[in-house]
Amino acid sequence: MSDAAGIVFLVGRVLFVMFFLISGLGFHVAKSGQAEGYARQMGFPLPAIAGWPTGIWMTVGALSVALGIWPDIGALMLCAFVIVAALYFHRFWTLEDESQKQTQQQLFFRNMIVLGGGL
């Protein structure tokens, strides 16, 4: 791989994980109680893990991908997160309100895009 291609690849990996770093540390860790409350409200079966444990999971997966340290494992960690998030937190098919339905549908498919990128 040329140096230029390596730089482009590195930039792509860093951009790919930015959401997970910001969300993992900025919400799931820093606002752990809110994350757990939201998970409880959404009917997530294990709301206690929605706070800092999930934030640490996301951060480790993101750093793994960005730094190239077992990036395949890190990508699978992020994929596991977005599958659960899509199925439990973005169930647009259960909503009646069209505005909420549209928002949740966009978030669901954002997670599917991330899943495709991670795989």
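Counting begins at 1 with the first residue of the sequence. Heavy-atom basis, side chains included; hydrogens, waters and symmetry copies ignored.
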task: Just do the side chain to side chain contact (heavy atoms under 4.5 Å, CB included) check on Val114 and Phe19 with the steps written out, would you?
output: CA-CA 10 Å; Val114 171; Phe19 165 77; 5.8 Å; no

task: Begin with the C-alpha distance, continue with both residues' side-chain angles, and end with the deciding distance and a verdict on side chain to side chain contact (heavy atoms under 4.5 Å, CB included) for Phe44 and Val84.
output: CA-CA 9 Å; Phe44 187 66; Val84 172; 3.5 Å; yes

task: Test side chain to side chain contact (heavy atoms under 4.5 Å, CB included) on Leu63 and Leu21 and set out the steps.
output: CA-CA 8 Å; Leu63 289 174; Leu21 288 172; 4.1 Å; yes

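Of all non-hydrogen atoms in Ala39 and Phe89, the two that sit nearest each other are CA-CE2, 3.6 Å. The two residues Val14 and Ala66 come nearest to each other via the heavy atoms CG2-CB, 4.3 Å. The two residues Gly118 and Phe16 make their nearest non-hydrogen contact at N-CZ, 3.6 Å. The heavy-atom pair separating Glu36 from Gly51 by the smallest distance is CG-N, 3.8 Å.
With hydrogens and angles ignored, the 3.5 Å screen pairs a side-chain donor or acceptor of His28 with a backbone N or O of Ala50. Remark: the backbone N or O of Trp52 is paired with a side-chain donor or acceptor of Ser32 at under 3.5 angstrom. Panel note: side chain Ser64, backbone Ile69; a donor-acceptor pair is recorded below 3.5 Å.
The NE2 atom of His90 lies 8.0 Å from the CE atom of Met42; values are rounded to the nearest 0.5 Å. Interatomic distance, CD of Gln102 versus CG of Leu95, reported as 12.0 Å (0.5 Å rounding). If you take CG on Leu78 and CG on Asn111, they are separated by 11.5 Å, rounding to the nearest 0.5 Å. Separation of atoms CD (Gln104) and CZ (Arg91) is listed at 10.0 Å; rounding is to 0.5 Å. Expressed to the nearest 0.5 Å, how far CD of Glu98 lies from OG1 of Thr103 amounts to 11.0 Å. To the nearest 0.5 Å, atoms CG (Leu25) and CD1 (Ile56) are separated by 7.0 Å.
Cluster membership check: Leu119 shares its hydrophobic cluster with Val65, using side-chain heavy-atom separations under 4.5 Å among Ile, Leu, Val, Met, Phe, Trp and Tyr. Connection of Val60 to Trp70 is established within a shared hydrophobic cluster, with ILVMFWY side chains joined at heavy-atom distances below 4.5 Å, either directly or through further cluster members. Connection of Ile113 to Ile83 is not established within any shared hydrophobic cluster, with ILVMFWY side chains joined at heavy-atom distances below 4.5 Å, either directly or through further cluster members. Cluster membership check: Phe81 does not share its hydrophobic cluster with Leu107, using side-chain heavy-atom separations under 4.5 Å among Ile, Leu, Val, Met, Phe, Trp and Tyr. Ile22 and Met77 fall into different hydrophobic clusters, defined by Ile, Leu, Val, Met, Phe, Trp and Tyr side-chain heavy atoms under 4.5 Å apart, directly or through other members.
Using a 30° and 60° split on the angle between ring planes, Phe108 and Trp93 fall in the perpendicular class, above 60°.
The environment of Asp97 atom CG is dense: over 12 non-hydrogen atoms of other residues, nucleotides or ligands sit within 6.0 angstrom. Around CE of Met18, the count of heavy atoms belonging to other residues, nucleotides or ligands within 6.0 Å does not exceed 12.
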